[in-house]
Amino acid sequence: MGIHTLAKLIADQAPGAIKEGEIKNYFGRKIAIDASMSIYQFLIAVRQNGENLTNENGETTSHLMGMFYRTIRMVENGIKPVYVFDGKPPQMKSKELEKRLERRTEAEAEMSKAAEAGDEEAFDKFARRTVKVTREHVEDCKRLLKFMGIPYVDAPTEAEAQCAALVKEGKVYGVGTEDMDALTFGSDVLIRHLTFSEARKMPIREYTLAKVLQGLGINFEEFMDLCILLGCDYCDSIKGIGQKRALDLIKQYRNIETILKHIDTKKYGIPEDWAFDQARALFKEPDVLTGDAVELKWNEPDEEGLIEYMVNQKGFQMNKQ
DNA sequence: ACTCTGCTTCCAGACGTA
DNA sequence: TGAAGCAGAGT
DNA sequence: TACGTCC
């Protein structure tokens, strides 16, 4: 997921690209957020006795709980969020997705084993690893957002790519995410720890792409190749090449083709049928919606609809305004 | 000495109350 | 799943 | 800040 150790590389090699701040700095700002990633995190985190929260019909409500409160929190701070939902994953990602499916299947077996053994702790641990965002979770959240007056976008493929596209077009200020590949997709601004900065003692960190490039001493094309060398979701990387050597090689040879011409292939095994160029194309020109295809409008919440949905249908208590 | 790998461990939300 | 810290092996 | 609860 994301780009392996990119956050650390930037912190070490281009610290000037990171600005720490507080949520007040984002008053009035439009921020794009990866909705599918958020839902996934809520399903993992919002649990009681090893199970997701559910209403009396047995429907999961963890994702609604998380998204509702997080969105309220942002709006209270003057932030205008726009949620972006994942579309079909690109072909290039299928290997990565297979791996994830395998891990989930494994976790399911471990979970049943733990259940039989009555090992609550192990059950809890493995249950989290079986989490998968379903069509229903997504539809629930879209309904909630409609009632809250918060816009969302259905990305053709990767949500992070669509988020970056919104930034590039000036439709939003930045991407609020933990996933560093928003930078690789060309987002000028990436904001980490946007929502949970006060609860934990994590400061909000804003990464500026221009300053990342300046600090590393490379251009954007070179940066994309650097990210591929570090390790991305779309293809393998070269064993034995980590942060330091990757940056050195890019600075010396400027692109992967030239690196491959000069590198000692006895020392460093190049992956078979290495499709780094296709990964690069994906970062450079991802399938995204642009222009009039995206309309972002923040509306007043439909309070009646919200209450009908959250309280009457989903069984929430009537606490919040 | 430096750099990468692989292993381990801790952790994943947001709220209100005490 | 990642991120951080550590031991160990390769360059 | 730690802890229990939300559904």
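Heavy-atom basis, side chains included; hydrogens, waters and symmetry copies ignored. Reminder, nothing fancy here: chain letters follow the sequence lines and each chain counts from 1.
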Engineer: Among D:dT5, B:dT5, B:dG13, which nucleotide has an atom closest to any side-chain atom of A:Q48?
Structural biologist: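 Nucleotide nearest to A:Q48's side chain: D:dT5.
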
Engineer: Rounded to the nearest Å, what distance is computed from the CD atom of residue A:E178 to the P atom of nucleotide B:dG13?
Structural biologist: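 From A:E178 CD to B:dG13 P: 8 Å.
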
Engineer: Considering every strand and a 4.0 Å limit on heavy-atom distances, what is the contact class for A:K314: base, sugar-phosphate, or nothing?
Structural biologist: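 Sugar-phosphate only.
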
Engineer: When you measure from the side chain of A:S187 to the backbone of A:A182, do you find a donor-acceptor pair of N or O atoms at a distance under 3.5 Å?
Structural biologist: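 Not confirmed, A:S187 side chain does not pair with A:A182 backbone.
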
Engineer: Measure CG/A:D264 against P/C:dG10 and give the value in whole Å, please.
Structural biologist: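 Result: 16 Å.
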
Engineer: Between B:dT3 atom P and A:K267 atom NZ, what is the distance in whole Å?
Structural biologist: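 Atom-to-atom, A:K267 to B:dT3, this comes out as 14 Å.
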
Engineer: Starting the side chain at C-beta, find the nucleotide from D:dT5, D:dC7, B:dA14 nearest to A:R70.
Structural biologist: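 Nucleotide nearest to A:R70's side chain: B:dA14.
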
Engineer: Go nucleotide by nucleotide along DNA chain C from the 5' end; which of A:R104 and A:R245 gets its closest nucleotide reached first?
Structural biologist: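 The 5'-side residue here is A:R104.
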
Engineer: To the nearest Å, how far apart are A:Y268 OH and B:dT5 P?
Structural biologist: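 Roughly 10 Å, once rounded to whole Å.
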
Engineer: Tell me which nucleotide, if any, is Watson-Crick or G-U wobble paired with B:dC11 when both distances must be under 3.5 Å.
Structural biologist: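 Partner of B:dC11: none.
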
Engineer: In whole Å, measure the gap between the P atoms of D:dC3 and B:dA12 for me.
Structural biologist: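 So the two P atoms sit 13 Å from each other.
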
Engineer: Give A:Q243 one of three labels, base, sugar-phosphate or nothing, depending on what nucleic acid heavy atoms sit under 4.0 Å from its own.
Structural biologist: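 Sugar-phosphate only.
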
Engineer: What interatomic distance, in whole Å, is found between C1' of D:dC6 and the corresponding atom of B:dT9?
Structural biologist: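 It comes out at 29 Å once rounded to the nearest Å.
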
Engineer: Starting from P on B:dT5, measure out to CD1 on A:I241 and report it in whole angstrom.
Structural biologist: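 Computing the A:I241:CD1 to B:dT5:P distance gives 9 Å.
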
Engineer: Under 4.0 Å between any heavy atoms, over every strand shown, what does A:R128 touch: base, sugar-phosphate, or nothing? Just pick one.
Structural biologist: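 Here A:R128 touches the bases of the nucleic acid.
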
Engineer: With rounding to the closest Å, how many angstrom separate the C1' atoms on D:dC7 and B:dT5?
Structural biologist: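 My reading of the C1' atoms in D:dC7 and B:dT5 gives 44 Å.
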
Engineer: Determine yes or no for a side-chain-to-main-chain donor-acceptor pair under 3.5 angstrom, with A:N57 supplying the side chain and A:E59 the backbone.
Structural biologist: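 Side chain of A:N57 to backbone of A:E59, a donor-acceptor pair under 3.5 Å: no, none is there.
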
Engineer: Could you tell me how far apart A:I238 (CD1) and B:dT3 (P) are, to the nearest whole angstrom?
Structural biologist: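 The distance from CD1 of A:I238 to P of B:dT3 comes to 17 Å, rounded to the nearest Å.
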
Engineer: How far, in whole Å, is B:dC15 from C:dG2 if one measures between their C1' atoms?
Structural biologist: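 One C1' to the other, the span is 26 Å.
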
Engineer: Is there side-chain contact between A:T157 and A:P89, with at least one heavy-atom pair below 4.5 Å?
Structural biologist: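 Result no, sub-4.5 Å side-chain heavy-atom pair not found.
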
Engineer: Rounded off to whole Å, could you give me the CD1-to-P distance for the A:I44 and B:dC10 pair?
Structural biologist: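 In whole Å, B:dC10 P lies 18 Å from A:I44 CD1.
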
Engineer: Less than 4.0 Å between a side-chain N and a carboxylate O, is that true for A:E22 and A:K24?
Structural biologist: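 Salt bridge absent between A:K24 and A:E22.
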
Engineer: Phosphate oxygens OP1/OP2 of B:dC15: is one of them under 4.0 Å from a side-chain N or O of A:R73?
Structural biologist: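 So the side chain of A:R73 is within the cut-off, an N or O lying under 4.0 Å from OP1 or OP2 of B:dC15.
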
Engineer: Write down the distance between CG (A:L53) and P (B:dA14), rounded to a whole number of angstrom.
Structural biologist: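 My rounded result for the distance is 13 Å.
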
Engineer: Regarding A:G315, tell me which of base, sugar-phosphate or nothing describes its non-hydrogen contacts under 4.0 Å with the strands shown.
Structural biologist: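 Answer is sugar-phosphate: A:G315 comes under 4.0 Å of backbone atoms only.
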
Engineer: Indicate, with a heavy-atom threshold strictly under 4.0 Å, whether A:T61 touches base, sugar-phosphate, or nothing.
Structural biologist: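 Since only primed, P, OP1 and OP2 atoms lie under 4.0 Å of A:T61, the category is sugar-phosphate.
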
Engineer: For A:K297, is there any backbone N or O sitting under 3.5 Å from a side-chain donor or acceptor partner on A:K80?
Structural biologist: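 No; zero donor-acceptor contacts below 3.5 Å.
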
Engineer: Using the P atom in both, what is the distance from B:dT8 to D:dT5, to the nearest Å?
Structural biologist: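 So the two P atoms sit 35 Å from each other.
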
Engineer: If you check the A:K244 side chain, which of D:dC7, B:dG6, B:dT3 turns out closest?
Structural biologist: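 Minimum distance to the A:K244 side chain belongs to B:dT3.
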
Engineer: Report the residue from A:I3, A:L247, A:L249 that forms a side chain to side chain contact (heavy atoms under 4.5 Å, CB included) with A:L226.
Structural biologist: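 In the set A:I3, A:L247, A:L249, the residue that makes a side chain to side chain contact (heavy atoms under 4.5 Å, CB included) with A:L226 is A:L247.
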
Engineer: For a quick check of understanding: with a heavy-atom distance under 4.0 Å over all strands, which category does A:R100 fall into, base, sugar-phosphate or nothing?
Structural biologist: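 Since only primed, P, OP1 and OP2 atoms lie under 4.0 Å of A:R100, the category is sugar-phosphate.
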
